[in-house]
Amino acid sequence: MADIETKPRIGICRGFTLLELIVVMALITLMFFFTFPRIHRFIFDNRADDATRTIAGMVLRLKRNAVVSRVRHTLHIDMYEGRIWATSESMDEFQQDAAYERGVALPSDMRVLGVDLPLKKRDDSGRADIVFYPGGYSDKAVVYLEKDSGESLEMVIEPFLPDVAVRERRLF
């Protein structure tokens, strides 16, 4: 038993070399370089995401409700007031006014630039109406949104697809 050495051996515990530390720091820096813009947008720009999610959710709900109730539903977008609300053809005037009051207001730093309805005549009244039919389809529409920061978004509502495509709008 006296043969077993109980002293710790010198040289077994090593640290990191300067080169290893530099490589690790460079990898961490590259990781943050590519992920920080997404993290920043997720943390600070979520109001635009909330607005687009709200509109996309309304579109999905209106398509489903039109099929279930067998009644046309309409998504109204007021470009001047930045207000969005939904009605159905079965509502009377009082119910339509109440639907307007329950409508959603866009964040103050976001505005609707316009709405393209390719199969309908352009309406310059400052209000666009996107119709959802009992057959499960809707009007094709493209909603153009802009934030005060200058970022532009477009939301594409396809007649036969349930989801709304949201993408950054490239201005050339």
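Residue numbers count from 1 along this sequence. Fair warning: this is a prediction, and the values are worked out from it, not measured in the lab. Atoms considered below: every heavy atom in the structure, side chains included; atoms not considered: hydrogens, waters and symmetry mates.
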So which heavy atom on Ile77 is nearest to which on Ile130, and how close?
CD1-CD1, 4.0 Å
With a 4.5 Å heavy-atom cut-off, do Leu60 and Leu62 have their side chains touching?
no
Think Arg83 forms a cation-pi with Tyr100, using NZ or CZ under 6.0 Å from the six-ring centre and within 45 degrees of its axis?
yes
dist Met79:CE -> Arg127:CZ (nearest 0.5 Å) comes out at 10.0 Å
Is the closest side-chain heavy-atom distance between Val115 and Val142 below 4.5 Å?
no
Answer whether the closest heavy-atom distance between the side chains of Leu106 and Ile84 falls below 4.5 Å.
yes
Within this structure, what is the CZ-CG distance for the pair Arg111 and Leu145, rounded to the nearest 0.5 Å?
10.5 Å
Can you confirm whether Met25 is buried at CE, in the sense that more than 12 heavy atoms of other residues, nucleotides or ligands lie under 6.0 Å from that atom?
no
At their closest point, which heavy atom of Ser108 faces which heavy atom of Asp148, and how far apart are they?
O-OD2, 4.2 Å
Do Glu168 and Ser152 have side chains that get closer than 4.5 Å, going by heavy atoms?
no
Write down the atom of Met91, the atom of Gln96, and the distance for their closest heavy-atom approach.
O-NE2, 3.6 Å
With hydrophobic residues grouped by side-chain heavy-atom distances under 4.5 Å, do Phe160 and Tyr133 end up in a single group?
yes
Tyr137 and Leu117: same hydrophobic cluster, using ILVMFWY side-chain contacts below 4.5 Å?
no
Ignoring hydrogens and angles, tell me if any N or O in the side chain of Arg70 forms a donor-acceptor pair with the backbone of Pro134 under 3.5 Å.
yes
Starting at CD1 of Ile55, measure out to CD1 of Ile157 and round the result to the nearest 0.5 Å.
8.0 Å
Looking at OG1 of Thr17 and CD1 of Ile22, how far apart are the two atoms once the value is rounded to the nearest 0.5 Å?
8.5 Å
Could you go step by step and tell me if Met155 and Val59 meet the side chain to side chain contact (heavy atoms under 4.5 Å, CB included) rule?
CA-CA 11 Å; Met155 300 183 71; Val59 166; over 6 Å; no
Leu161 backbone acceptor or donor facing Lys63 side chain under 3.5 Å
yes
Let me confirm one number: the OG-CD distance from Ser138 to Glu158, rounded to the nearest 0.5 Å.
8.5 Å
Counting C-beta onward and ignoring hydrogens, is there a side-chain heavy-atom pair between Glu146 and Met110 closer than 4.5 Å?
no
Between Val71 and Ser90, what is the shortest heavy-atom contact and its length?
CG1-N, 3.9 Å
Lys/Arg N to Asp/Glu carboxylate O, Asp116 vs Lys140, below 4.0 Å
no
Taking every heavy atom of Val67 against every heavy atom of Gly135, the minimum-distance pair comes out as CG2-C, 4.4 Å
Would you say Thr52 and Leu153 make side-chain contact, with heavy atoms under 4.5 Å?
yes
Where do Thr87 and His73 land on the side chain to side chain donor-acceptor pair (under 3.5 Å) test, with the steps shown first?
CA-CA 6 Å; Thr87 61; His73 286 69; over 6 Å; no
Smallest separation among heavy atoms of Phe132 and Ala66, with atom names:
O-CB, 3.6 Å
Check the surroundings of atom CD in Glu93: do more than 12 heavy atoms from other residues, nucleotides or ligands lie under 6.0 Å from it?
no
Can you spot which of Asp78, Thr74, Val104 makes a side chain to side chain contact (heavy atoms under 4.5 Å, CB included) with Trp85?
Asp78
